[in-house]
Amino acid sequence: MKKTISGIIIVLFALLVGFPIRAQYNKEYFFWMGRQLMMQNDYQEAIRTLNVLLRFDEDAYEGYFLRGIAKYNLDDLLGAESDFSTAISKNPVFTTAYTYRAITRSRLGNYDDALKDFKEAIDLRPDLPNPYYSRGVTRLLNQQFEEAIHDFDKFIKQEKKVADAYINRGVCYLYLKDTTRAYEDFDTAIRTNRENPNSYNRRGMLYMQQKRYKEAEADFDMAIKYDSNYLLSYFNRALVYSDTNRPMQSLADFDKVIELDSTNSLTYFNRAILRSRIGDYNRALEDYDKVAYYSPDNVLVYYNRAILYTQLGDFENAIKDYSKAIELYPDFANAYLNRGQLRYAMRDPEGGKRDRETAERKIAEYKSRLNDSTYSIYADTTQRFDRLLSFDSKLSGNSFKRIASRPEEGNDLTLLPLFRFTLMKADSTTVELPTMRYKAQRLNDFMENIDNNLLTLSCRDSNIPADSIVTIDRQFSEELRANPDSWTVLFERGISQSLIKQYTSAVNTFSQAIARNPQNPFIYINRSTTRAEMIDFISSIDNAYQRIAIDSDPANRLNNNSSRTYSYDEAIADLDTAIGLFPDFAFSYYNRANLHALSGQLPEAFDDYTKAIELNPYFAEAYYNRGLIQIYMKDTRKGCLDISKAGELGIDKAYEILKKYAMEE
């Protein structure tokens, strides 16, 4: 519903034109720039610009409002809600802010508070049509269909040329089983805007439900004509083709859906069923594998794939899939029966007998409860589970752990890296995040003491070429021959050695520097990061390949797959010392939080990120990583608020995370 709910955003800038000019010229400039960037859809840059405005003037309610709109368009719903709330607190009669906070709360599923906001907006300006439309959508989502119709009536009375209003009112009539009025509204929507694919698609779905396949197909054809990338129309037309015995055309449309959305598990599921029907078993198996990946908690994928494995003669994998289906749904009598038959075939009569007896008990329980609508159909042996599913069917499965464990799929759910002193050339193209506003006199004194214009504190990789770093390392080596007791040169040489991955040598060099200056916290920090990088490097080498086994015994092959664990204890101990020497340095807590997280000590990581943020309120990376930790610990809402703050402070990848998780709560 995102496009529908956000449809009234087009009036935003017209409403903002009337804001009073009450600030200095530079404030007005940043406000104007923020608006211009939003009109160009550059929302992240708009947020950065508006941040400057709000530092100049904390009472600029329109700045919070605009930043809320930008966050909304980046799917940072919690951040948007917070900014709209701030705008309202600073201007309690800000009608548009109430409307947009209501829209945001509606998308978050907080319908009660959304409806309260809509009431405030309508009470303030009962003459505006848009709040009625948006409240109608919220009431539709909240299944208050009659009230939603009343709101759409009020909107349509003032705005008769908005097709979506008729579509949504028609959907309300459908839920109230008034198909006549639903048809009338869908027809009106088409007459209002003959190029709106959603109107044809809605009417086509109604035709399809009534098995009027010819009319449904014609409507889906029209929807695709006006929007060749409209995924839902291809999906629905594929169902029509399947129901009218045209499997190849149906497959072609499912192919198009997957081309448009390569992660659509429901389409893979339907395509697998169709491919099984026409005997294309191997490709059907590939599709079921995709469904199992994207929706690992779906019972039917394992059940159907087990049937396919059985047809291919792979009884062992079929039994595994039936077992997985039973694990997910212990009352699945069909799965017990089928697994029992396979166990008999695999010369396991005891296992087959147990499965058959369990299935018979489940069937008896089912028959005794036929009048109980809460009892699942999965226990019924008369049911078939190879029917195509409609687009509004649910295939579950999307967890932080599952996605985080698959970096090869382009996953961004990884902690931002450690901060360390490194060598780096000045780069005018790199935007410095607000994190580095943090100032500490002890840090400044240390940098002046080293006196190296390449030295910087950063979590980014060095931009100096490897051959140049080798040359720099030789120069430090020459300096140490002349002055072997210089802790500053030892510190610099430790950095260059770590950059060329001479980790053992780098740790030894940092240790020599510490021996000569044991009260300097910054040397401990870099020895810690080097130790951590060495552990990660060794781990990556250990896991980069698998040994080729020639033993025919599966148990022996399994024993060859050794696993190792790695300890960050020494690296953490260095940070403990650094914090003891300089307890007000935010980056030490951040680094220790990262190492706690990598060690599985999430509460300790959370506490250290929190301390880092207390010391440096602009610590974007700490907000981001603390957000990920909270998502991992199942506190998604607070995690998303932290990631929203990280995005506000300039971490661009924060918005990719928010798209995945902001609406899960």
Side-chain angles (χ1 to χ4, degrees), residues 242 247 251 254 258 264-366 376-389 393-397 402 405-406 549 551-558 561:
S242 176
L251 285 172
F254 282 139
I258 290 170
N264 193 301
S265 58
L266 186 60
T267 305
Y268 284 113
F269 184 85
N270 282 359
R271 193 172 70 174
I273 292 173
L274 273 181
R275 284 176 165 173
S276 297
R277 287 179 186 173
I278 64 174
D280 190 357
Y281 298 133
N282 289 325
R283 295 176 74 189
L285 193 59
E286 292 174 2
D287 278 344
Y288 280 131
D289 290 344
K290 286 285 190 181
V291 184
Y293 178 85
Y294 291 117
S295 300
D297 298 326
N298 181 261
V299 177
L300 289 184
V301 61
Y302 300 104
Y303 180 81
N304 286 6
R305 191 171 66 178
I307 293 174
L308 190 54
Y309 275 131
T310 303
Q311 291 172 317
L312 292 169
D314 188 349
F315 292 175
E316 186 176 342
N317 275 321
I319 288 173
K320 288 180 182 178
D321 270 351
Y322 283 131
S323 298
K324 181 64 177 179
I326 289 167
E327 176 190 331
L328 291 169
Y329 189 75
D331 285 335
F332 202 164
N334 298 63
Y336 285 106
L337 278 178
N338 291 355
R339 189 177 69 176
Q341 292 172 358
L342 290 178
R343 283 177 166 170
Y344 278 118
M346 296 284 286
R347 298 181 181 179
D348 179 12
E350 290 299 321
K353 181 181 178 182
R354 284 196 305 271
D355 276 348
R356 189 188 68 237
E357 290 174 349
T358 303
E360 289 173 351
R361 186 173 67 253
K362 300 291 183 186
I363 293 167
E365 291 172 356
Y366 170 76
S376 175
I377 62 170
Y378 293 158
D380 184 3
T381 60
T382 66
Q383 288 285 336
R384 291 178 59 85
F385 303 101
D386 60 352
R387 298 189 181 98
L388 299 191
L389 300 179
S393 301
K394 300 292 184 183
L395 289 180
S396 63
R402 177 178 67 82
S405 67
R406 288 176 169 82
D551 197 318
S552 60
D553 185 351
N556 291 338
R557 292 204 300 271
L558 182 63
N561 293 328

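Side-chain contact check for Tyr288 versus Ser276: some heavy-atom pair is nearer than 4.5 Å. At least one side-chain heavy atom of Leu312 sits less than 4.5 Å from a side-chain heavy atom of Asn282. Residues Val301 and Ser295 are not in side-chain contact: their nearest non-hydrogen atoms beyond the backbone lie 4.5 Å or more apart. By the 4.5 Å heavy-atom criterion applied to side chains, Tyr268 and Asp289 are not counted as neighbours. Taking 4.5 Å as the limit, some side-chain heavy atom of Tyr344 sits within range of a side-chain heavy atom of Lys353. Under the 4.5 Å side-chain criterion, counting only non-hydrogen atoms from C-beta, Leu251 is not in contact with Asp280.
Heavy atoms only, all atoms of each residue included: Phe315 and Ala345 are closest at CE1-CB, 3.9 Å. Residues Ala325 and Phe332 approach most closely at CB-CD1, 4.4 Å, considering heavy atoms. A pairwise comparison of heavy atoms in Ala333 and Lys362 identifies CB-CB, 3.8 Å as the closest pair. Residues Ser265 and Val291 come closest through the heavy atom pair O-CG2, 3.6 Å.
How far CD1 of Ile319 is from CG of Asn338: 11.0 Å, rounded to the nearest 0.5 Å. Atoms CG and OG, from Asn270 and Ser242 in turn, are 8.0 Å apart once rounded to the nearest 0.5 Å. With rounding to the nearest 0.5 angstrom, the CD1 atom of Ile273 is 5.5 Å from the CG atom of Asn304. Expressed to the nearest 0.5 Å, how far CD of Gln311 lies from OH of Tyr281 amounts to 4.5 Å. Taking CG of Leu328 as the reference point, atom OG of Ser323 lies at 11.0 Å (rounded to 0.5 Å). Of the inter-residue distances, the one linking Ile278 atom CD1 with Arg283 atom CZ reads 8.0 Å to the nearest 0.5 angstrom.
Screening Asn317, Thr310, Asp321, Asp287 for a side-chain hydrogen bond (donor to acceptor under 3.5 Å, both in side chains) with Arg305, the sole residue that qualifies is Asp321.
The local environment of CZ in Arg277 is crowded, with over 12 non-hydrogen atoms from other residues, nucleotides or ligands closer than 6.0 Å.
With sequence neighbours excluded, no residue satisfies salt bridge (Lys or Arg N to Asp or Glu O under 4.0 Å) with Asp348. Remark: Arg339 engages Asp355 in a salt bridge (Lys or Arg N to Asp or Glu O under 4.0 Å) (not counting sequence neighbours).
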Carefully, step by step, assess Thr358 and Ile326 under the rule side chain to side chain contact (heavy atoms under 4.5 Å, CB included). CA-CA 11 Å; Thr358 303; Ile326 289 167; over 6 Å; no

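Classification of Lys324 and Glu327 as a salt-bridged pair holds, one side-chain N sitting under 4.0 Å from a carboxylate O. Remark: Glu360 engages Arg356 in a salt bridge, criterion side-chain N to carboxylate O under 4.0 Å.
Within the 6.0 Å centre-distance limit, the rings of Tyr303 and Tyr322 are counted as a close aromatic pair.
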